[in-house]
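Single-structure report; data block below.
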Amino acid sequence: MTLIFSSPGKLILSGEHAVVYGKSALVTSINLRLYMQIESNNSSTITVNFDDKTKHEIELQSIQRSSPILNQKDFFDTMKQFIFSEQELNAILYVYLRLQLTQGINLIVRSQIPIGAGLGSSAAYSTCLIACFYCLSKHISTDNIETFINSNRNEINELAYEVECLFHGTPSGIDNTISTFGSSIIYKIKPTKTMVKINLNQQNLLIIDTGIPKSTLKMVESVRKFIETKPDEGEMILNDIETCVNEMIQLLEGESPSSLTFYQNMNQLFMRNQQLLTKLGVSNEKINEIVRLLSDQMSIEVKITGAGGGGCLIALLPFNWDDDLIKKIENILHSHIKSIRRVQCSVQGLCYEKSIQNLLAADIISLYK
Ligand SMILES: Nc1ncnc2c1ncn2[C@@H]1O[C@H](COP(=O)(O)OP(=O)(O)OP(=O)(O)O)[C@@H](O)[C@H]1O
Ligand SMILES: C[C@@](O)(CCO)CC(=O)[O-]
């Protein structure tokens with residue numbers, strides 16, 4: 001049986017980091033997707049092909065277990081000698097054992113989402129991995145896959161969260177949730193995990209890739225240290241970030257996205273949110289310079305999206321933007337960034353791909369427009 005799934009990347013418009021501490025965050029899925037194909041075979045190996053560039057083979061005889069892996073701790077404790085240095089391979093091993101598969105498998109991964117840039121590549125990977133292995137483990141026939149996926153999204157999301165924990169320690173779950181469900185959501189983990197869909201039809205979001213490598217794990221850890229050392233200041237910043245999120249939600253619910261009021265207020269909210277993230281310590285000199293250049297020369301406010309420390313930044317283009325305006329931005333930033341790109345948001349979440357065409361066409365997209 002051959003199955004293909006795809007999942008989108010994401011942009012956090014507001015609320016990153018604060019979401020880890022139970023505050024609301026606003027997140028949207030974007031039109032960059034990761035595609036994964038799975039087929040079972042009669043061999044005793046898992047073969048993996050990443051973007052036609054890296055190929056791996058995992059020998060199954062050595063790792064088969066009679067009882068399932070129950071959680072991450074169990075995995076690392078009992079599979080010590082089989083742990084790879086590449087987390088993407090550990091994720092495959094984890095899911096294979098967790099879902100008690102026994103057959104040989106061929107996996108093909110092709111992705112448009114830049115890796116490690118704050119756009120949720122690991123969550124799209126985790127979500128597709130679970131969908132592939134879960135459907136295989138349940139022997140779902142291809143005719144029933146769509147229905148099966150739609151009625152099991154919550155379970156897929158919970159399992160994808162476990163895989164995200166391999167990548168990120170104890171993430172909030174915002175990335176796998178948006179990748180599984182798609183569209184745009186207000187996400188919160190306290191007092192219980194909740195997601196509320198919100199209408200967000202923005203065509204004017206610009207992603208600026210700083211080209212600076214970042215580690216989500218390290219950035220989340222540095223914020224934790226900040227909050228432990230300065231709990232009062234930390235709490236105030238987190239509350240102020242949540243106020244930005246709530247004001248953004250009010251704007252989305254109350255203003256036409258093509259109005260000047262909407263643009264001006266969103267621009268201001270990006271600025272306030274960025275200042276708060278800077279206070280939390282997740283910005284740096286290079287990011288500050290990019291923020292300063294666009295603010296001073298174009299009155300466009302830029303904020304970090306995701307963990308910060310590098311990766312991508314976002315800005316909202318004025319509703320009357322044109323190619324000349326983008327060129328002007330490129331000219332101002334060209335020696336400071338890797339690339340820029342406009343994206344569509346609120347796209348479909350995890351989905352079953354009926355044909356191989358999209359997988360074949362997928363290639364890591366340079367963020368350059
Ligand atoms: N196309 C892919 N091929 C192989 N591995 C991938 C792919 N996409 C994601 N991964 C895995 O996900 C990891 C990236 O996770 P990381 O959290 O660093 O970046 P991100 O998910 O892009 O950013 P963020 O979590 O901040 O949104 C990679 O190191 C790799 O293990
Ligand atoms: C920085 C963070 O808030 C978003 C990462 O995409 C971490 C998380 O929510 O797990």
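Numbering of ligands and ligand atoms starts at 1, following listing order. FYI, side chains are in, hydrogens and waters are out, and symmetry mates aren't considered; it's all heavy atoms of this structure.
Across M219, Q112, H168, heavy-atom proximity to atom 16 (P) of ligand 1 is greatest for H168. Considering I115, L34, L11 only, the shortest heavy-atom separation from atom 28 (C) of ligand 1 involves I115.
Ion pairing between a basic and an acidic side chain is recognised when a charged N comes within 4.0 Å of a carboxylate O; R292 and D296 show no such pairing. With salt bridges taken as basic N to acidic carboxylate O contacts below 4.0 Å, none links E233 and K279.
A side-chain donor-acceptor contact under 3.5 Å links Y125 to the backbone of E88. N144 places no side-chain N or O within donor-acceptor distance of the main-chain N or O of I140, the cut-off being under 3.5 Å.
For the residue pair T45 / T47, no side-chain donor-acceptor distance below 3.5 Å is found, with atom types taken as modelled. No donor-acceptor contact under 3.5 angstrom links the side chains of S126 and N176, judged on distance only. A side-chain donor from one of K214 and T216 sits under 3.5 Å from a side-chain acceptor of the other.
At a 3.5 angstrom cut-off on N or O pairs, Q87 does not count as close to ligand 1. Of the N or O atoms in E88, one or more lie within a sub-3.5 Å distance of an N or O in ligand 1. By the 3.5 Å distance cut-off applied to N or O atoms, D175 is counted among the residues near ligand 2. For G120, a nitrogen or oxygen atom sits less than 3.5 Å from a nitrogen or oxygen atom of ligand 1, counting backbone and side chain alike. For ligand 2, the polar-atom distance check against S172 finds a nitrogen or oxygen pair separated by under 3.5 Å.
Applying the 4.0 Å criterion to heavy atoms of D51 picks out, from ligand 1, the atoms 1 (N). Interface atoms of ligand 2 facing A307, defined by a heavy-atom separation under 4.0 Å, are 1 (C). When each atom of ligand 1 is checked for a heavy atom of S121 under 4.0 Å away, the hits are 8 (N), 9 (C), 14 (C), 19 (O), 20 (P), 21 (O), 22 (O). Taking every heavy atom of D175 and a limit of under 4.0 angstrom, the matching atoms of ligand 1 come to 25 (O), 27 (O). Numbered from 1 in the order shown, with element, the atoms of ligand 1 that lie under 4.0 Å from a heavy atom of T216 read 17 (O), 24 (P), 25 (O), 26 (O). Taking a cut-off of under 4.0 Å to the non-hydrogen atoms of V19, the atoms of ligand 2 that pass are 3 (O), 9 (O). Below 4.0 Å from some heavy atom of G116 lie the following atoms of ligand 1, by number and element: 18 (O), 19 (O), 20 (P), 22 (O).
With a 4.0 Å cut-off on non-hydrogen atoms, H168 does not touch ligand 2 at all. Of the heavy atoms in A117, only backbone atoms (N, CA, C, O) come closer than 4.0 Å to ligand 1. At a heavy-atom distance under 4.0 Å, only side-chain atoms of K214, from C-beta outward, approach ligand 1. At a heavy-atom cutoff of 4.0 Å, ligand 1 is contacted by both the backbone and the side chain of S122. Contacts between L119 and ligand 1, counted as non-hydrogen atom pairs separated by less than 4.0 Å, involve the backbone only.
Remark: aromatic rings of Y134 and F148 are close, center separation under 6.0 Å.
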